[in-house]
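Following: one structure in structure tokens, then a few remarks.
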Amino acid sequence: MIQAGKLRQHYSFAARIVILLAAVAYLAYAEVLERFDYILYDKMAVLQQYPQDPDIVIIAIDDESFKALGRWPWSRGVHAELINRLNSIGNQAVAIDLLLSEPQDSDPYADPLLAYAIAAHGGVIFPVAPALETGAEALTLVQPLPLFAQQAALGHADVELDSDGVARRVFLYAGINAPAWPALGLALTNPAAARAVYQSFTPVDAAQAGHWVRAQEALIPYAGESGSFRKLSYARVLFDDEALASLKGKTVIVGMTATGMGTRFATPLSPLNHQPMTGVEWHANVYSMLTTGRVIYPVPEAVTTVISVVWVSMVLAIIAWSGKSFTVPMLLALIAAAVSLAGLMLEFYRIWVPPGAALLGTLSLYPLWNWRRINDFLRTFWISKTHSNVALESIGDGVIITDALDQVIYINKGAENILRNRFDQIKGKRLAEILGFEAQVRNLLTNETGKDCVTDSLGKPGMVECVLKTAQGDERTVRITRNQLFDDREAVMGSVIAMTDITDRIELAQQVAHQQSYDALTKLPNRSRLLAQFDNLIQEIQGTGQTIAVFFVTLDNFKKINDAMGHHAGDKLLQMVSARLHDFAAEGILARWGGDEFVLLSRGVTKQNSAPAMAQKMLDTLRQRFEIDGLDVFVSASIGVSFYPEDGLSSETVLERAGTAMYRIKKDGGNHFGFYSAESSVVWTRDQLELERELRAAIKNDELQVLFQPIVNAQTHRIARIEALVRWLHPKRGYLSPSEFIPLAEDIGQIEALGEIVLRTSCAAAYKLMQLGYPVNVSVNVNPRQLLNPHFPQTIVQVLRDTGLPAKSLILEITESAIVNDMERVSRVLGEIKRLEILIALDDFGTGYSSLTLLRELPIDILKIDKSFVRTLDQNRNDLKIVQAIIGLGKNLGLAVIAEGVETERQVKLLLQHACYFHQGFYFSRPIPYEALYELMQHKLR
């Protein structure tokens, strides 16, 4: 009988051993303890120390770059310039972590420029990524435009997150239905091989898209926490040659790091600095792992299962062989040995064997081996101590444990923080009472009656997101997971409710979404948001016959506020203006277009009736006083108005035409409103752009013509000086006077180049005449922008040196308007010029505001009487008196006096009578080419 009892005990023990080994195998193979294994891996990974890889540099699209290059997205011509600069230093490989899958319609030349740069470089890698189209069940591949993909290498940018949301691993190959694409970091190690993969790979048709397949899993040994790799700002690399040179011989990865932009991932190192890692840093870690041979290979589930079972069997054999009692110290030693062995395999062999199942199996051997001794204690221990896990206090999530009646028997510190309540105030209360019946479910479990998430959603195991009210009355968004606890007889003994506070995450997502659609300063919709709202309005009025009025508003001379009071005052003014304009948007949409420009959309406003009154009312409102920093500020505005569908059938077209109307009003002086007109606007927008292109080409190709008008000594009829005048023989428009293209040259920044051409041509002509025996001073007009350029004197010296003309043979003509804007600066420049013995002539004298002051303060040698006084000299006695006074003023100051615009013999005689001997005008000669001037000088000097 005793023998039979012992035999049954042996069989029972053997059965428990078999069950235990089967359970260990199941836990290992099914990865039931995955979260626990992750914790162990993270702790071991943090202990690993790796040196920083100096050959990897991240070019960051950061906040500094946005300040320098403007809002995102940038023109792809900017990316082309970056690639060209990298190519110029011999860069072998650059990965650009940007999905450029759509053509850039706003700049038709940008995509070809980028494609050419990619082809020229030869080592550019772009990402591909899976995407789930709306309404579709299968994934599709998002990849760069074929224009780019044909020249670049491609690598997948798929980041696989573990079940706890942490990025620990990378799949070196992945793709639609087959792992065809190398990871971006792997492609970076050999761009040529990656490009060959793309060229040999047949793209999956969208209609045949399937599932995303991954292969060759590897764990990432992160080189350090976020920020470990060297970073250079995108804008700095683009503009700083020293920064560019520092990238020579480096592997470059370009990606987004700006605040609120790009994707960020939690890593095992994130708890060290509480910072997620950007996608571009993640790719840098993958590349560093591959190039340094630090790849960690996780063993397959089947191998993990075998190792776990073998380990537990070995522990059992050691215990049986030793013949000693299985004590707690021995148990701890075996667990430490298992953890150490897993750590050693990770450290020296780069292999990760999840030890969770083996550890749990080892731990389970203790009660199994000591079953008799603890059998009576087990049930009591299971009921009273199951819920007292110290680890719960060390995590940030909230944990609530209830009994079989759903009454709270335990909460950890995390739950106290979320609920804003202490355990002693909650203990014994029902869970529904604590969480509140007014909690609103924000998923499919929400019903129309507004019942709370606890009674409707968490009465059974599951997960739900709720908005809970705390004891202080504030609302927190939480993710709640409920699981039931069973005793050894499978009876329900309570529940475990895990709570994660995701309020900050939700608010951050909402804030990012808001920042992408609204202007940070005025809180108004931004340009992209306005376009979307405009399109929605168009959809709403389709077929109704209604119109949408667009009021494009800009402030006149807004720059004066920033210059006088600082940009903070300008920002305050824009906020006040937006507040006033908001009163007009009761039934419309007000948005900030950019800078000092606002757009108001109003439905039902007509061109004949309400639109003019509304525009005028806006002007009157904006003219009223603004008070900024204790100072009264007054501004005016220019408003352009267009209508949908009268002025266009798309939102972009109607907005563009409202802007055209606004710019026309602004050009005419502002402080008014006007409607879009096709006749007056198309010519301005297209014709002026064409004229600008032609002028740039004319300046570059030296197609402008310099003519010379003699300045004659009326007593001797000899040519004393010549004035150089520029003309443009346009192939279609004929001769254009300076007034027709000089202002355009100023606007497009070409006036200094044009002025230097005229100066050089004039000096060369004067020197040639001097060599031929006709020494004559040449007078050249100087534009205000030339005069204000501190390098202008050096330009003059270089031109005189190149042409050989003596400085005393050159006269520079300046106007009063070029001086009065910055008298001190102009005085310094003229002083430098005067020291070169160059003569200074004051052109159009008598028409400015401060002529006498100029004569006193500046080194003037010659006065030129404006032709407006000379033209009516023989008809208007007042003009004669003014001319006489100017001649006397010049004589008393020791200045030469030249009369401009002399056209009749009577004017010549009157000027001679009053001792003005130098004349210039059509009476003597029109502006003529150099050849005609040479013949004329021969005639006049005979």
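Predicted model only: the values in this text are computed from it and were never measured.
Between the side chain of R195 and the main chain of G122, a donor-acceptor pair closer than 3.5 Å is present. For H156 (side chain) and R214 (main-chain N/O), no donor-acceptor pair under 3.5 Å exists by modelled atom type. Proximity of a side-chain donor or acceptor of R350 to a complementary backbone N or O of R294 within less than 3.5 Å is detected. Under the 3.5 Å distance criterion, the side-chain polar atoms of T305 are matched with a main-chain donor or acceptor of Y29. The main-chain N or O of A284 is never found under 3.5 Å from a side-chain atom of S288 such that the two would form a donor-acceptor pair. Between the side chain of D55 and the backbone N or O of K250, no donor-acceptor pair lies under 3.5 Å. For the pair R264 (side chain) and T257 (backbone), a donor-acceptor distance under 3.5 Å is present.
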Test side chain to side chain contact (heavy atoms under 4.5 Å, CB included) on W282 and V159; report intermediate values, then the result. CA-CA 9 Å; W282 188 87; V159 180; 3.9 Å; yes

Intermediate values then yes/no, side chain to side chain contact (heavy atoms under 4.5 Å, CB included), T292 and Y50: CA-CA 10 Å; T292 57; Y50 302 106; over 6 Å; no

Side chain to side chain contact (heavy atoms under 4.5 Å, CB included) between Y297 and L219, worked out: CA-CA 6 Å; Y297 296 97; L219 292 171; over 6 Å; no

Let me see the working for V254 and I61 under side chain to side chain contact (heavy atoms under 4.5 Å, CB included), right down to the final yes or no. CA-CA 7 Å; V254 182; I61 302 175; 4.3 Å; yes

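In this structure the side chain of V166 never reaches within 4.5 angstrom of the side chain of Y38, judged on heavy atoms. Annotation: side chain of L359 is in contact with side chain of F36 (closest heavy-atom distance under 4.5 Å). Residues I118 and F126 are in side-chain contact: their nearest non-hydrogen atoms beyond the backbone lie under 4.5 Å apart. No side-chain heavy atom of R230 sits under 4.5 Å from any side-chain heavy atom of P54. Put simply, the side chain of K231 reaches to within 4.5 Å of the side chain of E281, judged on heavy atoms. Side-chain contact between D53 and T291 is present, with at least one heavy-atom pair separated by less than 4.5 Å. Counting only heavy atoms from C-beta outward, the side chains of V213 and Y173 never approach each other to under 4.5 Å. Side-chain contact between V339 and P355 is absent, with no heavy-atom pair separated by less than 4.5 Å.
Rounding to the nearest 0.5 Å places OH of Y41 at 8.0 Å from CH2 of W352. Remark: E347 CD to I296 CD1 distance equals 9.0 Å, nearest 0.5 Å. The distance from atom CG of L360 to atom CG of L33, rounded to the nearest 0.5 Å, is 5.5 Å. Here the OH atom belonging to Y222 is positioned 10.0 Å from the CG atom belonging to D42, to the nearest 0.5 angstrom. Taking CD of E34 as the reference point, atom CG of D164 lies at 7.5 Å (rounded to 0.5 Å). Rounded to the nearest 0.5 angstrom, I253 CD1 and I56 CD1 are separated by 6.0 Å.
In terms of heavy-atom proximity, A357 sits nearest to V24 at CB-O, 3.8 Å. When all heavy atoms of L20 and S364 are compared, the closest pair comes out as CD1-CB, 3.6 Å. P298 and A218 make their closest contact through CD-CA, 4.1 Å (heavy atoms, listed as atom of the first residue, atom of the second, distance). The minimum heavy-atom distance linking G155 with A187 is given by the pair CA-CB, 4.2 Å. Of all heavy-atom pairs spanning D37 and G356, the tightest one is OD1-N, 2.6 Å. Nearest heavy atoms, G279 versus F265: CA-CE1, 3.8 Å.
Counting non-hydrogen atoms of neighbouring residues, nucleotides and ligands closer than 6.0 angstrom, the CD atom of Q216 exceeds 12 such neighbours.
The one candidate from I220, L290, T267, L269 that meets the side-chain contact (heavy atoms from CB on, under 4.5 Å) condition with N285 is I220.
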